[in-house]
Amino acid sequence: MRDQPAVDAADTAVYTVPTDAPEGDGTLAWDKTTLVLVTVRSGTTTGLGYTYAPAATAHLVRELLTDAVTGLPAYDVPRANERMCRAVRNAGLPGLAAQAVAAVDIALWDLKARLLGLPLVHLLGAARTDVPVYGSGGFTTYDAGRQERQLRGWAEEQGIPRVKIKIGESWGARQDRDLERVARARAAIGDRAELYVDANGGYTGGQAVRVAGALADQGVTWFEEPVSSDHLAVLAGLRGRIPLDVAAGEYGYTLPYFEHMLAAGAVDCLQADITRCGGITVWMRAAALAHARGIDISGHCAPHAHAHAAAAVPNLRHLEWFHDHVRIERLLFDGVLDPGGGSVTPGADGVPGLGLTLAEERARPYRTQ
């Protein structure tokens, strides 16, 4: 198409938002979260994308990626993704570079959908109307009261029938407290909601097997990163020994990473993070890899970046409604989704693209770059 609109410019902004309470999991703790926003423009139309990453990611976008996409046809997002991946070759694609690529890629898909006047899910092609979500938080830093209030808020007030808490505290050194918190979580939500746990790679293989027995007694069905996902053989061996579904993949930055994980038989459900793995372009490919092996995919965190793509794949299990990111996205953006009843419906309002706009007045106090 000779008259196809071109990408005219790409810009960045960085926002850092303090948590509403100290947050931690099995292997890390934090008290603030940084969102790197990318906007791309074609004529008078703007698309936005973002990633949760250090502020240096914005510098990488400006130095290596802006020139790679400027001037390209705005409809040719896979071409832009490939050019970006080649542009960061010497910088190293896994890590910050992949997150930078992801933010630009998401913005380009948003731009394309806006140029065409379509919700992104309609541009991609819907495989479903509703996207199931699960409430995710239950940080190891929470006391019993805060954990219970959060879980009840999801299960009772919002009607979300799946919730997840963090375990593996202090690299697995507080196993007794982990199991006490799981028991309290089950008591808080009752028997009608599914209970998931995430150890963030905090356990050893043998310890994870022992913990899994106690988790099964509490009706836990999802064991996320029981051991480090760097050790695929251990993860695969564990999967064959426990009755819970094993999930991992959130640290996948490239498509071959997901292929290696799937080929190893390491997971019952593949997690992929659209803001880490190279954006919507690569996330959809990861979903196809999993589908070819009869494996579901789950969207990791950043729910509003995932929602439209999640609705476009047939093997979606669910989307993580992560407390920290939900709070930030509600603060920084207008047009956020409602998870009431346990699912979201991207594109239902007919707004083009992701359906998000930056709430500039609310966002301004948190901008650092």
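Numbering of residues begins at 1 and proceeds along the displayed sequence. Values below: all heavy atoms of this structure, side chains included; hydrogens, waters and symmetry mates excluded.
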Side chains of Trp222 and Arg162, heavy atoms from C-beta outward: is any pair under 4.5 Å?
no
Would you kindly say whether His325 and Glu329 are connected by a side-chain donor-acceptor distance under 3.5 Å?
no
Closest non-hydrogen atoms of Leu337 and Pro346, given as atom of the first, atom of the second and distance, are CD2-CA, 4.2 Å
Begin with the C-alpha distance, continue with both residues' side-chain angles, and end with the deciding distance and a verdict on side-chain contact (heavy atoms from CB on, under 4.5 Å) for Val69 and Arg83.
CA-CA 7 Å; Val69 302; Arg83 285 192 64 172; 5.9 Å; no
Any non-hydrogen side-chain atom of Pro22 less than 4.5 Å from a side-chain atom of Asp31?
no
Does a side-chain heavy-atom distance below 4.5 Å link Val38 with Tyr50?
no
Heavy-atom neighbours of Arg362 CZ exceed 12 at 6.0 Å
yes
Side chain to side chain contact (heavy atoms under 4.5 Å, CB included), paired with Arg239, selected from Asp245, Leu244, Val246, Val267
Val246
Residue Tyr257 excluded, over 12 heavy atoms near OH under 6.0 Å
yes
Could you tell me if the side chain of Leu289 sits less than 4.5 Å from the side chain of Leu255, heavy atoms only?
yes
N-O pairing of Arg293 and Glu259 below 4.0 Å
yes
Given the rule in the side-chain contact (heavy atoms from CB on, under 4.5 Å) test, do Asn200 and Glu250 qualify, once you have shown the distances and angles that lead to the verdict?
CA-CA 10 Å; Asn200 286 98; Glu250 66 187 76; 4.2 Å; yes
Is there a side-chain contact between His323 and Asp20 in this structure, where contact means two heavy atoms from C-beta onward sitting under 4.5 Å apart?
yes
Could you walk me through whether Thr281 and Trp109 pass the side chain to side chain donor-acceptor pair (under 3.5 Å) test, one step at a time?
CA-CA 9 Å; Thr281 300; Trp109 279 107; 3.0 Å; yes
Side-chain ion pair, Arg114 and Asp110, N-O less than 4.0 Å
yes
Minimum heavy-atom separation for Phe258 to Ala286, with atom names?
CD1-CB, 3.7 Å
Would you say CD of Glu156 has more than 12 non-hydrogen atoms from neighbouring residues, nucleotides or ligands within 6.0 angstrom?
yes
Are any of the side-chain heavy atoms of Tyr251 and Ser229 separated by less than 4.5 Å?
yes
Step by step, would you call Leu116 with His122 a side-chain contact (heavy atoms from CB on, under 4.5 Å)?
CA-CA 10 Å; Leu116 295 171; His122 295 169; over 6 Å; no
Only residue of Thr140, Asp198, Thr27 satisfying side chain to side chain donor-acceptor pair (under 3.5 Å) with Lys166 is Asp198
Are Thr57 and Gln99 linked by a side-chain donor-acceptor pair shorter than 3.5 Å?
no
Taking the side chain as every heavy atom from C-beta outward, state whether Arg285 and Pro78 have any atom pair closer than 4.5 Å.
yes
Note: Arg181-Glu169 ion pair, threshold 4.0 Å (strictly below)
no
Kindly say whether the aromatic ring centers of His318 and Tyr196 come within a distance under 6.0 Å.
yes
Shortest non-hydrogen contact from Leu64 to Ala87?
O-CB, 3.6 Å
If only atom types and distance count, is the side chain of Arg186 paired as donor or acceptor with the main-chain N or O of Gly219 below 3.5 Å?
yes
With side chains defined as the heavy atoms from C-beta onward, is the minimum distance between Arg327 and Thr33 less than 4.5 Å?
no
If I take atom CG from residue Leu35 and atom OG1 from residue Thr16, how far apart are they, to the nearest 0.5 angstrom?
9.0 Å
Between Leu37, Leu48, Thr46, Thr39, which is the residue that forms a side chain to side chain contact (heavy atoms under 4.5 Å, CB included) with Asp11?
Thr39
Is a side-chain N or O of Thr275 found less than 3.5 angstrom from the main chain of Thr51, in a donor-acceptor match?
no
